[in-house]
Amino acid sequence: MLDIKLIRERPDFVRQRLAARGAGDEAHIDEVLASDELRRKLLAEVEALKAQRKRVSKEIGALMGQKKFEEAEAKKKETGDLGDRIADLDKQAAEAESARNQLMLRLPNLPHDSVPPGTSAADNPVVRVHGEQPSFAFKPKSHVDLCESLKLVDFARAAKLSGSGFVLYTNWGARIERALIQFMLDLHTREHGYTEVSPPYMVGPQCLEGVGQFPKFADQYYAVQEGLDAGTLGKLYLIPTAETPVANIHREEILKESELPIHYCAYTPCFRGEAGAAGVGTRGIIRVHQFDKVELIRIVRPEDGYAAQEQMLANAERVLQLLGLHYRVVLLCTGDMGFASAKTYDIEVWAPGQGSYLEVSSVSNCEDFQARRMNLRYKSESGENRFPHLLNGSGTALARLFVALVETYQQADGSLAVPANLQPYLKAERIQA
RNA sequence: GGAGAGAUGGCUGAGCGGUUUAAAGCACACGCCUGGAAAGCGUGAGUGGGCUUAUACCCCACCAUGGGUUCGAAUCCCAUUCUCUCCGCCA
């Protein structure tokens with residue numbers, strides 16, 4: 001959520017930054033300002049009436065205490081219709097506030113100054129490239145074929161269980177998945193200073209609203225219903241990312257400045273409806289309804305936000321470096337950034353069988369956008385309550401990492417070499433059919 | 001799912017229609033006292049919003065949440081949520 005004071009005081013600046021996203025959100029600023037002004041006008045009116053009611057009620061109390069009942073009755077008549085007028089104005093003010101907030105919840109974050117202008121992924125500058133595309137003496141196969149031949153994934157039976165877009169990892173496939181999760185959690189907790197948490201995989205809608213997934217993108221996620229009780233539908237949602245529960249851990253709290261920075265990492269499965277995405281990259285496990293991910297979250301002081309983002313990016317890159325994978329880092333342009341983010345880097349890993357880069361990590365600084373939505377604050381040394389910066393980054397997403405790993409380490413004989421840093425976890429140097 | 005108890009500021013905890021402007025204690029900040037500290041004494045201090053150049057005044061709201069009764073609700077009524085104890089079911 002943007003700061004209403006900023007919108008009031010610098011509406012042109014806000015419009016200009018929203019326009020940079022190219023989604024037309026700047027058109028709503030006038031509506032926000034109108035409902036905000038109406039709300040304040042109504043508040044001034046109703047609060048004056050409440051002050052009056054309070055004063056008279058106190059006088060009535062005093063008269064009752066002195067047993068002057070007749071005078072008290074007279075006073076009661078005086079305030080007779082005050083209650084109704086207050087109730088009416090209260091309702092109007094609440095409606096104006098609600099209208100303003102509904103609009104505000106649908107406004108995305110303002111892009112940071114350092115974000116390049118652009119309209120699509122084609123405009124994202126490459127920040128750096130790590131390593132080189134591996135060369136093969138043979139034509140590298142797709143992970144789909146490798147998973148079939150090495151029996152890492154059973155696509156047909158996954159579809160039998162859950163329909164398309166789901167993965168049944170089998171035998172070494174399941175063990176690789178687990179090894180990767182364990183490897184990443186160990187790296188981030190032991191070497192990068194994150195505290196591991198294991199959150200619920202279902203959360204209430206306020207958590208999705210807190211990080212900016214609701215209300216605008218409510219059609220993207222799985223709502224849960226308990227048994228056959230339709231009344232429970234929408235009380236809980238399957239998490240689309242660990243960011244949803246973990247970033248919300250301290251919602252509505254006032255932290256001490258000395259508690260910052262907070263670093264969390266979490267493994268969770270992620271569930272995404274991907275409405276409207278049918279047919280797009282659906283072959284294999286590149287785009288699926290359920291995938292695993294190790295997520296990094298930081299809660300930091302505003303002045304530390306952008307330095308923390310660079311560190312998080314480095315933390316995520318380290319995963320790919322240790323696995324010996326070729327990747328590049330891109331900086332998302334204004335038109336390609338997510339709703340809540342002020343600045344986002346993507347890490348794209350090379351998948352030789354696909355002949356393309358796959359997004360495995362997205363590292364965002366949401367500044368105070370999410371903190372405002374979830375009312376998360378910290379008390380500064382000087383005693384004022386401030387909104388911290390919230391950062392999230394994948395460290396990294398599985399499925400696509402699995403694809404890159406399998407396609408990169410495939411051998412001429414159809415077997416799979418295990419990268420050195422994964423061998424202690426898999427207790428194997430090579431996997432064959 | 002059944003029965004009972006409960007939810008008050010950072011924490012503990014009183015208040016159960018109108019001198020409550022939410023007592024008191026702990027913790028916190030500042031001051032006095034002291035050689036320094038402790039103790040003692042004094043003062044201050046919650047959150048959000050409105051008005052405002054203002055972090056100054058003043059005003060409004062907030063005692064789990066949402067409704068209701070009343071001139072007036074932390075207090076009475078209803079619903080909901082959550083916590084605890086016991087029973088049932090259960091990995």
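All chains are named by letter (A, B, ...) in the order of the sequence lines, taking the proteins before the strands, and each is independently numbered beginning at 1. Note that the structure is predicted; figures quoted are calculated from it, not measured.
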Requested in this report: Determine: side-chain N/O of Lys58(A) to OP1/OP2 of C71(B), distance under 4.0 Å, yes or no.
Outcome: no

Requested in this report: Can you establish whether the number of heavy atoms outside Arg8(A) located under 6.0 Å from its atom CZ is more than 12?
Outcome: yes

**Report entry** Residue mapping more 5' on RNA chain B - nearest nucleotide basis, Arg100(A) or Ile254(A)
**Finding:** Ile254(A)

**Report entry** Presence of salt bridge, Asp90(A) and Lys50(A), under 4.0 angstrom
**Finding:** yes

Report task. Look through every strand shown and name the nucleotide pairing with U85(B) as Watson-Crick or G-U wobble, where both distances are under 3.5 Å. Result -> A3(B)

Query raised in the report: Taking OP1 and OP2 of C59(B), is either one under 4.0 Å from a side-chain nitrogen or oxygen of Arg40(A)?
Result: no

Report task. Classify the nucleic acid contact of Arg55(A) as base, sugar-phosphate or nothing, counting any heavy atom under 4.0 Å across all strands shown. Result -> nothing

Report task. Write down the distance separating the P atoms in C78(B) and U69(B), rounded off to the nearest Å. Result -> 15 Å

Requested in this report: Tell me the partner of U65(B), counting only Watson-Crick (N1-N3 plus N6-O4 or O6-N4) or G-U wobble (N1-O2 and O6-N3) with both under 3.5 Å; none if nothing fits.
Outcome: A79(B)

Query - Short side-chain N/O contact from Arg39(A) to OP1 or OP2 of G50(B), under 4.0 Å - result: yes

Query raised in the report: Base, sugar-phosphate, or nothing for Arg85(A), non-hydrogen atoms under 4.0 angstrom?
Result: nothing

Query raised in the report: Under 6.0 Å between the ring centres of Phe271(A) and Tyr201(A)?
Result: no

